[in-house]
Each structure stands twice: as structure tokens, then as C-alpha cells.
Colleague: 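Got a structure here, written out as C-alpha cells. Questions coming.
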Amino acid sequence: MSITSATASELLAKMNAGEVSSEEITAACLAEIARRDESINAFLSLQGETALQTAREVDRKRKAGEPLGKLAGIPVALKDNICATGTTTTCASRMLEAFTPPYDAHIVERLRAADAVLIGKTNLDEFAMGSSTENSAFKITANPWNTKCAAGGSSGGSAAAVSAGFAPLALGSDTGGSIRQPASFCGVVGLKPTYGRVSRYGLVAFASSLDQIGPFARDITDAALLLETIAGKDQRDTTSLDAAVPRYTENLEQPLKNLKVGYIEHLHEEGLHEDVQKATQQALDVYQSLGAELIPVELPHARYCVATYYIIAPSEASSNLARYDGVHYGYRAKQFDNMIDMYAASRGEAFGDEVKRRIMLGTYALSSGYYDAYYLKALKVRRLIRNDFEQAFQKVDIIASPVTPTPAFEIGELTDDPLAMYLADIFTTSANLSGIPGVSVPAGMSQNKLPIGLQLLAPPLEEERLLRAARMFERETDWHLKRPE
Amino acid sequence: MDYTVIIGLEVHVQLQTRTKLFCGCSTRFNPDHPNTQTCPVCLGLPGALPVLNREAFHLGMKTGLAINCEIPSFTKWDRKQYYYPDLPKAYQISQYDLPMSQNGWLEIEIDPETRETKKIGIIRAHLEEDAGKNSHDESGRGHDSKVDLNRCGTPLIEIVSEPDLRSAREARTYLEELKLLLTYIDVSDCNMQEGSLRCDANVNLHIQQENGETIPTPIVEIKNLNSFRGVEQAIEFEVQRQWEAWQETRLSLHDVPKETRGWDADRGITLEQRGKEEAADYRYFPDPDLAPVTVTDAERDKVSSELCERPALRRNRLEKEYQLSAYDAAVIIDQGLAFADYFEQVAKGCQNGKQAANWVTQDVLRELKEGGLEISAFSIKPEVLAALLEKVESNEITTKSARTVFQELLKSEEAAPGVESIQSIIEDKGLAMVSDTGALEAAVQTVVAKNEKAVADFQSGKQAAVGALIGQVMREVKGADPKVVRELLIKKMS
């Protein structure tokens with residue numbers, strides 16, 4: 001197995017055995033990026049020099065026998081909506097094209113403390129709004145399995161980077177599926193933790209009550225490793241949870257006994273791609289063969305998820321993005337007549353269409369006279385969706401479902417039909433609305449040779465259960481071992 | 001036709017926390033070093049998140065309880081959204097439908113003659129963060145406007161009264177009483193020059209028609225009221241302006257939306273600030289970055305127990321307990337908590353409240369004003385002043401001598417001269433009351449002999465002639481009791 005296709009755990013073992021250095025790994029990743037990123041467009045910026053410096057320092061520490069962090073010497077890519085000093089954090093927007101944050105996000109502090117090698121910032125849909133990375137102001141990320149296809153989004157750059165061999169690990173953010181969907185499209189593991197499991201401090205907010213940072217990896221073990229590095233209470237994020245972080249990697253190989261896997265019957269009727277339906281069924285069969293019990297679950301309000309999501313997320317976004325007004329930092333229009341005009345021109349010129357669409361949706365939903373009918377109603381439905389899951393999880397341990405109705409679509413295929421793009425979030429948004437953890441695991445290939453993911457959901461703070469259940473499936477299958485050519 | 005004036009005040013008070021409401025930046029008033037007390041949170045940088053300052057919430061609860069508000073067990077934070085360069089997040093974190101305190105009142109005296117009081121209702125008091133400060137080029141040369149964000153994020157409590165105030169005078173009294181209360185309970189310095197206490201007034205008239213109907217005139221919000229005098233004058237102006245406007249236009253509350261006018265203190269007029277545009281839509285919604293706050297009964301009781309005696313109650317108590325005039329009690333209370341404590345220590349120490357009141361409101365207050373001092377920095381400590389006044393009480397020295405001792409104590413090189421200094425000054429200056437009647441009688445004898453005319457005047461019935469002679473005897477015998485001298489003189493001359 002080559003350096004660029006190995007998992008982080010494998011690379012750590014090789015480094016500890018003295019077979020390879022972090023500098024060699026980092027250089028190999030940078031070489032692969034140089035060779036192929038022109039056609040993939042996973043990265044918005046690279047920190048090659050500082051990455052190599054960090055790698056050399058880790059190598060020195062390792063040689064000297066000094067204590068090392070969990071990810072010592074492992075290259076990690078960061079979605080470009082996570083603040084890190086020393087480079088720009090653009091959110092793939094003209095608005096923040098030149099913005100260099102003066103501080104590190106909480107998870108960046110954790111990664112640095114774990115001796116990870118931060119290699120570059122990855123592409124995304126502008127301000128994480130989208131499901132294809134086509135809404136980036138700078139470039140469109142291609143799917144490493146087929147460059148005509150979308151990598152998914154909004155964390156498409158991070159998913160593609162892990163899939164294409166550019167970095168063994170990456171961080172993304174998931175507001176309505178933005179980790180799980182591109183993970184599914186690109187054939188890698190992507191995990192959205194419980195809301196509050198990982199601090200949002202330093203994650204540029206899209207929809208604050210839904211946003212959550214999570215790992216991309218080439219297998220479940222690596223996802224567990226990265227999660228245990230970044231999870232935990234942070235005093236600067238009052239929504240982060242004050243619950244002990246289990247050693248997720250420790251019990252990963254122990255199968256769950258008497259596992260009850262829930263599945264959603266009626267969702268299978270709704271325009272599901274044949275290959276996806278087949279992969280999901282096969283995955284359920286795998287669990288059955290492992291002795292798990294399959295139990296149909298009712299989520300009566302699941303069909304309102306997309307509608308609810310597309311009220312709550314844009315409402316919060318309209319408020320969160322109001323600060324980009326050209327006054328204190330970020331883009332300012334060159335020509336304007338007065339203060340109001342300066343705001344309008346700066347925002348009008350710097351935001352892309354999808355961002356504007358969502359700001360307008362959210363502004364409308366929060367407006368006096370509409371608030372009760374839209375925002376407040378959506379909050380009530382959100383409560384019902386959460387209740388659905390609470391009840392379902394009294395009967396089952398995890399819930400299995402597709403991640404997306406179809407494998408990766410072609411670039412440009414849905415850009416003129418935002419509603420179709422929104423509707424594809426049917427399986428993912430419920431986890432954000434109810435705050436529960438979810439993971440996408442490679443679980444099949446379409447007839448067109450595109451990866452298909454399986455989504456597993458668990459109750460709040462049950463990441464350990466989620467990862468062990470996912471690992472049970474992964475051990476029985478070899479989808480996670482496949483790499484794009 | 002007649003009218004009633006209807007006034008409600010919205011008062012913003014800066015709570016005196018060390019750090020801002022949602023970050024660790026200093027709240028120090030520091031206009032000379034703009035943008036030095038800022039961080040990613042109060043600058044509203046991407047990815048930064050607010051964390052509630054518990055001390056600010058605590059001071060907010062203290063304030064709410066002091067103005068007799070209910071403190072609900074559940075309160076939350078909302079975003080008030082509008083664009084302005086001094087508001088870097090483009091929303092202010094405030095409280096909308098579930099404020100942290102509500103339904104209170106503040107009692108004010110509305111007639112000093114009759115001592116009639118009135119309870120002014122308080123609708124709510126909620127916490128919010130302050131904005132920064134814009135400054136514009138006023139030279140007319142078109143230079144850039146500047147923004148200082150040092151103040152941005154400073155904790156404010158907004159106290160909204162019911163429209164219970166019926167005159168500019170009442171509004172001023174309410175504001176003065178509120179300020180006094182908040183400084184007593186130590187939640188704010190209420191410094192109006194530095195903007196720690198700001199006031200907006202909502203004013204309109206209820207016109208009584210001949211047919212018995214009442215018509216309300218349009219409500220005007222007056223902004224930029226930054227002194228007590230300004231509040232009173234602006235409302236007086238506005239009442240007159242609205243009365244004239246009514247006579248001219250006959251427009252009522254229902255015909256025009258609320259108008260905002262600014263007080264121009266230099267010209268003594270209010271000026272239209274914002275056009276009669278549509279009401280601003282702040283699109284309030286719960287801030288998803290901040291968890292709601294729950295308050296238990298125990299927490300509420302604890303804060304309640306920390307509250308000191310409110311100034312209004314203390315004013316009444318001082319009057320009763322020390323037999324003070326209403327005027328003296330008010331003067332003492334108005335100087336603040338530390339001053340009132342000082343007075344009470346002196347009064348208790350010397351066992352004469354009236355005498356203590358005379359001394360602290362005249363001698364002590366004069367020295368504080370002349371020296372620009374706070375009572376805490378005053379060199380004569382209350383136990384020393386009490387000991388001095390005790391000597392007057394027990395006829396050891398005269399009031400006049402006590403004033404001399406007081407001045408000598410002030411001149412002392414010691415930072416805070418002790419009680420023993422009093423005795424040494426009395427001895428040095430020979431101020432002890434002379435009980436040696438021999439010496440006194442000799443002096444009286446001499447003075448009577450020297451002043452034949454005055455003696456003759458006295459003997460012909462002019463009582464006033466004694467006064468001049470008393471002075472002469474006192475000069476001869478320092479520390480003589482003037483009462484005794486008077487008696488001896490009269491006896492001698494009769």
C-alpha cells in the first residue's frame with residue numbers, strides 16, 4: 001500500500017516503526033496534490049512549507065523520544081471555513097477572499113497539540129451552502145472517482161482530498177449533510193458528531209444550531225482517532241457539551257451484541273436510485289448475517305425535514321452572515337454613494353447566488369408578520385422530529401438508511417434546479433435537526449463506478465456505539481479499501 | 001381644552017463589571033485608545049462565539065430586585081438585527097420576549113411640600129450588549145468616519161418604565177432616584193458624561209375634549225438625553241411643541257407612526273431624527289449561540305439578601321432615627337452610600353444625630369467639594385469626628401473650638417489622624433473648656449472695667465451689648481464656655 005493511499009493508523013505504525021518519516025509522508029501528499037489537484041480542485045490554499053516544517057519537527061521529536069500527540073506527523077486538511085492562523089479562511093467566498101483570522105479554531109488548537117501536520121485548506125460551497133461544491137466562488141471540486149461528477153458538498157474539498165490521496169484525514173462541517181453526503185459521493189468515511197460534541201469556536205457559522213465539525217477518513221478507525229482528538233468541552237463555545245469523551249478507538253473492534261438495527265420502510269418509495277436501494281439492502285443483509293435484528297422504525301415527521309431545515313438554516317444564516325458588511329473586514333465595494341449603498345454594493349458584489357438566495361429566504365422567514373408562520377412553526381416541527389428519533393431509539397440501537405437518494409450527480413446537472421438539490425438532503429438533515437450523530441460508510445458502487453454510502457444514526461452522544469456498529473459492517477466488507485484510479 | 005402629559009422613560013445603564021457581557025475584554029472607559037479593548041468575540045470576527053459573563057447577570061438580577069421586579073426562572077437571549085458601523089455583528093445580543101426581570105416599580109416623591117409619593121411602574125429590565133461608538137468628521141472636509149469598538153459588548157441593563165410619569169419634573173425625579181438607587185446597590189457608577197447612564201423619553205399628550213373624550217397625540221421618542229437637566233428641558237420643550245402641533249394639525253396617535261427626535265442641548269430644541277418611515281423590523285430571534293439561563297429560587301434569594309437598604313427607605317429611617325429634617329436626610333442620602341454610612345457612624349458615635357448631620361452636611365461636605373474628594377479618601381475618619389463631637393456634647397470644648405480642631409486635623413501630616421490627635425490639639429491650642437472660675441472672673445472684671453460705655457448701654461436695657469463683651473472675655477481665656485461667660489458678665493453688670 002502506497003503512502004498516499006494508506007490510512008492514518010497505518011502511517012502512524014510505519015512512522016513508529018521507523019519505516020517512513022512524517023516529512024516523507026507530507027512530501028508524498030504534496031506531490032500527489034501537485035500531480036492531480038489541478039483536475040480535482042480539492043484545495044483552496046496549501047501550506048506546504050509550514051507543513052514540511054511541522055513534519056520535520058515531529059520527526060525530530062519522534063527520533064528524540066519526546067512525547068508525541070495522537071496524530072503526530074499525519075497530514076490533515078481543513079475545510080476552509082475553519083479558522084487557522086497563518087493563512088486565509090475564505091469560506092470559498094469573495095467576501096472573505098483576503099481574510100486571515102487572528103486566532104485558531106478550537107479544533108485547530110487540538111490538532112496542533114496532537115502534532116498533526118496541517119497541509120491545506122479545502123474547497124467548499126460558499127459559506128458551506130450547497131451540496132456539490134459548485135457554489136464555491138473560486139473553483140469546482142471534481143469527484144476523484146469521475147471528474148465529470150460532483151464531489152458533493154458542502155465539504156467536497158475535504159472529501160475529495162481524502163479520497164484522492166491528498167491527505168489521510170480531513171475536517172469538514174455538517175449543517176444538513178455537508179460531511180456525510182460528500183463522504184458518500186467520494187467513497188470515504190464521514191462523521192457528523194452529536195451537536196455540541198465538538199466545539200464550534202472558530203468554525204465560521206452558517207446555521208449555528210445545526211453546524212457541527214466532524215472527521216473525514218479512509219476507514220472507521222481513523223474517523224474514531226480524529227474524533228477523539230477534537231471532541232470535548234470548550235469554554236468558548238457554550239453549546240459544546242460537558243460530557244466525558246470516550247476513547248473511541250479502544251473498543252472499536254468489539255462487536256455490539258444483540259444489535260438492533262432500525263430501518264425506515266416508507267422512505268424506500270421516494271425516488272430512490274436503484275443502486276442506492278440495492279446497496280442499502282445489502283448492508284442490512286450484512287448486519288443480519290452478523291446476528292443483528294432488523295426492525296422497521298417509524299419517523300412520522302421525517303417528510304418535513306427538508307422543509308424545516310430550509311427555514312431554520314437560512315434564518316440563522318441570514319443573521320450570521322449579516323456581519324459581512326464591508327465595514328470592518330472582508331470585501332468592500334469600490335463604488336458607492338452612501339453608507340446603505342456601501343452595504344448593499346459590498347454584499348451584492350461579494351456574495352454568490354446561493355448565499356443570496358438563502359439570506360433572502362431567512363430574512364423573509366424572520367420578518368415581522370411571517371416569523372410565527374415560518375420560523376416558529378419550523379422550531380415546533382423540529383421538536384417533533386427530535387421526538388420521532390427519541391421514540392425510535394427506544395426500539396433500536398442504530399438506524400440505517402441511504403445517505404443520498406442517488407450516487408454523485410454530474411457537475412452542472414442540478415445547478416439550475418436548487419429545489420432538486422435541496423430535496424436530495426432528505427436523509428441527512430434529520431440528524432442535524434435532532435442533534436444526533438451520523439456517519440457515512442462506504443457501502444457499494446453504482447453501475448457507473450461511483451461510490452455509495454450507508455448512513456448510520458445513533459442517539460445523542462452515542463458515537464462509540466455508532467463507530468462500533470460501523471466497524472462491524474466495515475470488517476465484513478471491502479468497500480472502504482477501494483481507491484479511485 | 002386641557003391636556004395630561006404622558007411620559008415613559010427607557011434608561012440604559014452600564015453595569016460595572018470588569019469585563020464585557022460576552023467576552024473577557026475590559027470595560028474601562030478609554031476613548032483615547034480606540035479599539036484596544038477588543039477581541040475576536042466583540043469584534044464579531046467569523047467563527048467567534050459569545051460566552052455569558054455571570055457577574056453581569058448577577059448585577060442584572062440585583063438591579064431587577066432593587067426595582068421590585070419579578071425575576072423569572074427562565075430567560076433567554078435574542079438577536080436584534082440592524083446594520084450600523086458600530087455594530088460589527090450586525091445584530092445586538094439582547095432580550096426580547098422573555099426579559100430577565102419584569103413588572104416592578106420605583107417610588108418617587110412628587111411633591112416636596114406634602115411629601116406625596118408615587119409608584120412608577122417598571123415594565124421590564126433586560127440585559128443587552130452595548131454597541132461601539134462612531135465618530136464623524138465634523139470639519140466638513142469629508143474625512144473618513146471612525147469607529148471605536150472599545151465599548152462594544154459592554155453590559156447594559158435597559159430599564160423601561162410604564163408611561164406613569166406626568167411631568168418633566170417627575171421624569172427628572174424618577175431618573176435621579178433611579179441613579180441614586182443603582183449607585184447605592186453598587187451595580188453602576190451611572191456616570192452620565194461617560195455614557196454609563198443614558199435616557200430616552202417617550203412623550204405624548206392626552207388632550208381632554210369638551211365632550212369628555214380624550215385624544216392621544218402622536219408619541220415622540222426623544223433621544224440623546226445625557227443630563228438630568230436635559231431630560232427635564234427636552235420634555236418641557238416637547239410638551240409645548242406637541243401642544244402647538246395639536247392645535248395646528250389635530251393629528252392623533254393613530255394618524256402618524258412614532259417619531260424619533262433628538263435633543264439639541266445647545267439650541268434647547270428637539271429635532272426630527274428619523275423620517276416617518278416604516279417601523280424598523282429588527283427580526284428578533286433566539287440566539288442559537290447562547291443557552292437560555294435558568295434562575296432558581298435559592299439563587300434569587302441569595303442575590304436579594306445581598307441588597308443593601310434602598311435609599312428611599314434609608315432616607316425615611318434617618319429622619320426618624322436621628323430626628324433629621326427631610327432636607328438634611330436627603331442631602332446625606334444623595335451623597336451616596338459611603339457618605340450615608342459615614343454619617344451614621346458619626347451620629348452613633350457622638351449620640352447626637354442633629355449635630356452629626358450639621359457637621360457632615362456642612363463642614364465635611366464643604367471639605368470634600370473643595371478638595372474634589374470622595375468620602376472614602378477623607379482624612380478625618382468617622383470615629384475621629386464622632387469623638388470630637390462627643391467632646392462638644394460633654395462640654396469639654398466649645399463648638400467653635402471643635403471647628404479649630406477639625407481644621408487642625410485636616411492639616412495633620414498623618415493620612416488619617418487618630419482619636420488621640422484630638423486631645424493633643426486641644427492641649428496644644430489650649431482649647432479645653434475653662435472650669436477655673438477664678439481666672440474667668442478676673443477676666444470678666446477686667447473687661448467690665450475697660451468697657452464703661454458697653455456696661456452703661458447694657459444697664460440702660462441694651463441686651464445686645466453683652467455680645468461684644470463675651471468676645472473680649474473669650475479672647476482672654478481660650479476655651480471658655482460662652483454660656484458661662486455670658487452669665488458671669490450679666491451678673492457682674494447687673
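Proteins get letters first, then strands, A, B, ... in listed order; numbering begins at 1 in each.
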Colleague: For the interface with chain A, which of B:Ala48, B:Pro286, B:Cys39, B:Cys23 has the highest count of heavy-atom pairs at distances below 4.5 Å?
Modeller: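 Going by pairs under 4.5 Å, I would pick B:Ala48.
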Colleague: Would you enumerate the inter-chain donor-acceptor pairs between chain B and chain A whose distance is below 3.5 Å?
Modeller:
unit_1: B:Gly44; atom_1: O; unit_2: A:Arg323; atom_2: NH1; d: 3.1
unit_1: B:Gly44; atom_1: O; unit_2: A:Tyr329; atom_2: OH; d: 2.8
unit_1: B:Leu45; atom_1: O; unit_2: A:Arg323; atom_2: NH1; d: 3.1
unit_1: B:Pro46; atom_1: O; unit_2: A:Tyr103; atom_2: OH; d: 2.3
unit_1: B:Gly47; atom_1: O; unit_2: A:Gly202; atom_2: N; d: 2.7
unit_1: B:Ala48; atom_1: N; unit_2: A:Tyr103; atom_2: OH; d: 3.2
unit_1: B:Arg79; atom_1: NH1; unit_2: A:Ser319; atom_2: OG; d: 2.8
unit_1: B:Arg79; atom_1: NH1; unit_2: A:Asn320; atom_2: OD1; d: 2.8
unit_1: B:Arg79; atom_1: NH2; unit_2: A:Asn320; atom_2: OD1; d: 3.2
unit_1: B:Gln81; atom_1: OE1; unit_2: A:Ser319; atom_2: OG; d: 3.1
unit_1: B:Tyr83; atom_1: OH; unit_2: A:Arg347; atom_2: NE; d: 3.3
unit_1: B:Tyr83; atom_1: OH; unit_2: A:Arg347; atom_2: NH2; d: 3.2
unit_1: B:Tyr84; atom_1: N; unit_2: A:Tyr343; atom_2: OH; d: 3.4
unit_1: B:Pro85; atom_1: O; unit_2: A:His328; atom_2: NE2; d: 2.8
unit_1: B:Tyr91; atom_1: OH; unit_2: A:Arg323; atom_2: NH2; d: 3.1
unit_1: B:Asp281; atom_1: OD2; unit_2: A:Ser368; atom_2: N; d: 2.8
unit_1: B:Asp289; atom_1: O; unit_2: A:Thr238; atom_2: OG1; d: 3.0
unit_1: B:Asp289; atom_1: OD1; unit_2: A:Arg200; atom_2: NH1; d: 3.2
unit_1: B:Asp289; atom_1: OD1; unit_2: A:Arg200; atom_2: NH2; d: 3.1
unit_1: B:Asp289; atom_1: OD1; unit_2: A:Ser208; atom_2: OG; d: 3.4

Colleague: Going by the rule side chain to side chain contact (heavy atoms under 4.5 Å, CB included), which residues pair with B:Glu10 if we only count those two or more places apart in sequence or in a different chain?
Modeller: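 In terms of side chain to side chain contact (heavy atoms under 4.5 Å, CB included), with neighbours along the sequence ignored, B:Glu10 is linked to B:Glu158, B:Val160, B:Asp200, B:Asn202, B:Glu221.
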Colleague: At a 4.5 Å cut-off on heavy atoms, which part of A:Leu321 comes close to chain B: side chain, backbone, both, or neither?
Modeller: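 When you check distances to chain B, no heavy atom of A:Leu321 falls under 4.5 Å.
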Colleague: For B:Glu299, enumerate each residue passing the side-chain hydrogen bond (donor to acceptor under 3.5 Å, both in side chains) test, keeping only those at least two apart in sequence or located in another chain.
Modeller: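 B:Glu299 satisfies side-chain hydrogen bond (donor to acceptor under 3.5 Å, both in side chains) with B:Thr296 once adjacent residues are dropped.
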Colleague: Excluding sequence neighbours, so at least two apart, what forms side-chain hydrogen bond (donor to acceptor under 3.5 Å, both in side chains) with B:Gln37?
Modeller: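 Partners of B:Gln37 by the side-chain hydrogen bond (donor to acceptor under 3.5 Å, both in side chains) criterion, ordered by chain and then number, come out as B:Asn30.
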Colleague: Picking from B:Val41, B:Leu52, B:Leu43, B:Leu45, which has the most non-hydrogen pairs under 4.5 angstrom with chain A?
Modeller: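 The option with the most such pairs is B:Leu45.
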Colleague: Given that the side chain runs from C-beta out, which part of A:Val204 has a heavy atom under 4.5 Å from chain B: side chain, backbone, both or neither?
Modeller: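 Both parts, backbone and side chain.
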Colleague: Which bit of A:Met342 comes within less than 4.5 Å of chain B, counting heavy atoms only: side chain, backbone, both or neither?
Modeller: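 It is neither, since no heavy atom gets under 4.5 Å.
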